[in-house]
There are 2 protein chains.
Amino acid sequence: MTDTPASPDLERTDPVRVLLLEDDTPLRERFARILEDWPGGELVAACATLDETLALLRQQPVDLLMTDLNLPDGHGIEAIHLLSKLYPNADAMVISVLADDETVLAAIEAGAVGYLLKDADPFELVESIEELRAGGSPISSSIARILVRRMTAPPPSPSGPPLTPRETEILRGIAKGFTYAELAEWLSISRQTVPVHIKNIYRKLAANNRSEAVYEASRRGLIRL
Amino acid sequence: MTDTPASPDLERTDPVRVLLLEDDTPLRERFARILEDWPGGELVAACATLDETLALLRQQPVDLLMTDLNLPDGHGIEAIHLLSKLYPNADAMVISVLADDETVLAAIEAGAVGYLLKDADPFELVESIEELRAGGSPISSSIARILVRRMTAPPPSPSGPPLTPRETEILRGIAKGFTYAELAEWLSISRQTVPVHIKNIYRKLAANNRSEAVYEASRRGLIRL
DNA sequence: AGGCAAATACCATAAACAGGGTAGACAGAG
DNA sequence: CTCTGTCTACCCTGTTTATGGTATTTGCCT
């Protein structure tokens with residue numbers, strides 16, 4: 001099948017098998033030219049539709065998928081999903097104009113490791129591919145901002161009535177399944193004092209028992225998981 | 001105080017006040033030269049130590065902090081923290097050789113929106129600043145890969161013993177604080193059957209009571225919050 | 001100083017729970 | 001067809017909670 005079955009995996013001398021998916025013909029041909037000129041890889045095919053791509057993926061292995069997202073017959077994320085499923089070691093790079101949070105996050109979660117906006121120039125494209133093959137994630141800065149926001153946003157709901165430090169400690173203990181006696185010994189207080197704190201926790205969390213309190217507390221981000 | 005109090009915030013005509021923190025003198029001077037030559041901003045100061053930076057931040061407002069991470073008297077993340085606290089609208093960009101997951105994620109969570117490796121060339125540096133001021137997150141591809149990994153890794157622990165659908169339902173009810181009787185009515189089963197399921201849940205989750213079960217289940221991602 | 005809220009502590013009781021054993025119905029796997 | 005796993009159901013007993021009331025100490029605020 002292949003020409004050089006020699007070198008194992010020490011040096012990636014094998015050409016990278018690239019599959020391109022882009023429905024816009026002028027753009028596809030432009031990208032195809034760039035990829036054909038790239039010495040590091042071999043353009044397996046340049047598809048215009050999702051179906052075509054899915055069929056091709058099933059027929060032959062691919063190392064790198066360069067794909068658009070909004071396609072006439074579906075969503076590029078499907079191609080990424082299939083790629084990840086069939087060839088887990090392959091990489092997927094998105095080249096799209098879509099930059100809304102939902103789309104970007106869906107693509108990343110589907111397995112895309114690169115994400116370029118379509119205004120990227122040819123040099124940037126080739127450079128990005130090489131970065132990607134080197135283990136990096138070339139991502140346009142406006143796209144990267146979405147990822148950063150997602151990672152720093154997480155304080156979901158520091159809202160609600162505040163818990164005293166003592167109550168927070170008790171709450172952690174409750175989550176770990178401690179009984180009155182265990183909580184009392186753990187905090188070095190009387191066994192009879194524990195239920196008082198717990199009752200206050202219930203009131204503040206609008207809970208009526210331990211499991212509901214744990215549920216509410218973790219939902220409100222009051223305790224770590 | 002300032003020279004042009006005219007234009008409000010419509011157009012960012014005000015120069016960007018930049019603070020540089022880099023302990024290595026040759027590198028700091030090189031960066032400082034680049035920043036001074038950059039027409040879009042004004043280099044407030046070029047610090048060599050963390051203390052110096054923290055003091056300066058308290059004295060005067062800054063729009064952009066360019067910082068190293070490993071410093072002789074502390075960690076650059078502290079500077080990012082203070083910047084975010086004092087001037088929430090300011091941006092922080094990391095320029096470091098550190099690229100381990102822990103450091104990168106800590107920097108991002110501290111509020112850094114840009115992260116360049118130190119091998120970036122002057123052109124890339126200026127370009128990155130402009131992308132950052134435009135609302136993007138310039139991030140070196142190898143750093144971005146860490147973020148992508150973090151976002152796609154999240155299957156926290158689909159591990160362990162599987163719960164039957166019935167047990168999952170029961171578990172949700174437990175989390176909501178239902179009693180035996182309420183669970184029985186909710187699921188239209190006998191009150192005596194409920195504890196059997198619960199007991200099985202305890203066994204599978206290695207829990208001994210409701211709150212511990214809820215804690216374990218939410219920790220393992222078996223129930224939504 | 002006086003007043004107030006929080007945290008601490010103790011007691012008592014009814015309700016709920018955990019865990020033990022036993023067993024029938026039913027579906028899917030071998 | 002038999003075996004296994006699951007869901008269902010019941011009983012019993014000891015333990016744990018939930019909740020009521022009351023009181024002391026500490027620290028904060030007026």
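The analysis underlying the following values was restricted to heavy atoms, covering all of them including side chains, and did not include hydrogens, waters or symmetry mates. Just so you know, these numbers come straight off a predicted model, no measurement behind them.
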Fill in: B/Asn208 CG - C/dC17 C1' separation (whole Å)
13 Å

Discussion item. Using the rule given for salt bridge (Lys or Arg N to Asp or Glu O under 4.0 Å), can you reason through B/Arg133 versus B/Asp91, listing the C-alpha separation, both sets of side-chain angles and the distance that settles it, and then say yes or no?
Written reply: CA-CA 8 Å; B/Arg133 296 307 298 181; B/Asp91 293 321; 3.3 Å; yes

Worksheet item: Which nucleotide in the list C/dA9, C/dC17, C/dG19 gets nearest to the side chain of A/Ile189?
Response: C/dA9

Discussion item. Classify A/Asn209 by what it touches in the nucleic acid, base, sugar-phosphate, or nothing, heavy-atom distance under 4.0 Å.
Written reply: sugar-phosphate

Item to complete: Return the residues of residues 173-185 of chain A meeting this criterion: a heavy atom under 4.0 Å from some atom of DNA chain D. Order them by number, or give none.
Response: A/Phe178, A/Thr179, A/Tyr180

Discussion item. With a 4.0 Å cutoff (strictly under), does any side-chain N or O of B/Arg210 reach OP1 or OP2 of C/dC17?
Written reply: yes

Discussion item. Tell me whether the side-chain N/O atoms of A/His197 come closer than 4.0 Å to OP1 or OP2 in C/dT8.
Written reply: yes

Worksheet item: Between B/Ser137 and A/Val148, what is the shortest heavy-atom contact and its length?
Response: OG-CG2, 3.8 Å

Discussion item. Please give me the minimum heavy-atom distance between B/Glu109 and A/Met151, naming the atom from each residue.
Written reply: CG-O, 4.3 Å

Response to the item:
In this structure, NE2 of A/His81 is separated from CG of A/Leu57 (nearest 0.5 Å) by 13.5 Å

Discussion item. Once rounded to the nearest 0.5 Å, what's the spacing between atom CD of A/Gln60 and atom CG of A/Leu86?
Written reply: 12.0 Å

Worksheet item: Over how many whole Å does the gap from B/Gln192 atom CD to C/dC17 atom C1' extend?
Response: 13 Å

Response to the item:
From CD of A/Glu167 across to C1' of C/dA5 the rounded distance in Å is 12 Å

Worksheet, complete the sentence: Separation of C/dA18 atom C1' from B/Ile170 atom CD1, nearest Å, is 15 Å

Worksheet item: What is the distance, rounded to the nearest whole Å, between atom OH of B/Tyr202 and atom C1' of C/dC17?
Response: 7 Å

Practice prompt. Please list, in 5' to 3' order, the outermost nucleotides of DNA chain D lying under 4.0 Å from any heavy atom of chain A.
Written response: D/dT17 to D/dG20

Worksheet item: Around A/Glu182, counting heavy atoms of other residues, nucleotides and ligands shown, do more than 12 lie under 6.0 Å from its CD?
Response: yes

Discussion item. Apply side chain to side chain contact (heavy atoms under 4.5 Å, CB included) to residues B/Val94 and B/Leu69 and explain how you reach the verdict.
Written reply: CA-CA 7 Å; B/Val94 172; B/Leu69 289 184; 3.6 Å; yes

Practice prompt. Would you mind reading off the distance between B/Arg203 atom CZ and C/dA18 atom P, rounded to a whole angstrom?
Written response: 15 Å

Practice prompt. Report yes or no: do B/Asp51 and B/Thr49 form a side-chain donor-acceptor pair below 3.5 Å?
Written response: no

Item to complete: Could you check whether B/Arg191 gets within reach of a base, just the sugar-phosphate, or nothing at all, counting any heavy atom under 4.0 Å?
Response: nothing

Worksheet item: Does some side-chain heavy atom of B/Leu21 sit less than 4.5 Å from a side-chain heavy atom of B/Met66?
Response: no

Worksheet item: Please give, in whole Å, the distance from C/dA16 P to A/Ile198 CD1?
Response: 18 Å

Fill in: Sugar-phosphate, base or nothing in reach of A/Thr193, heavy atoms under 4.0 Å
base

Discussion item. In this structure, how many angstroms lie between the C1' atom of C/dA5 and the NZ atom of A/Lys204, rounded?
Written reply: 11 Å

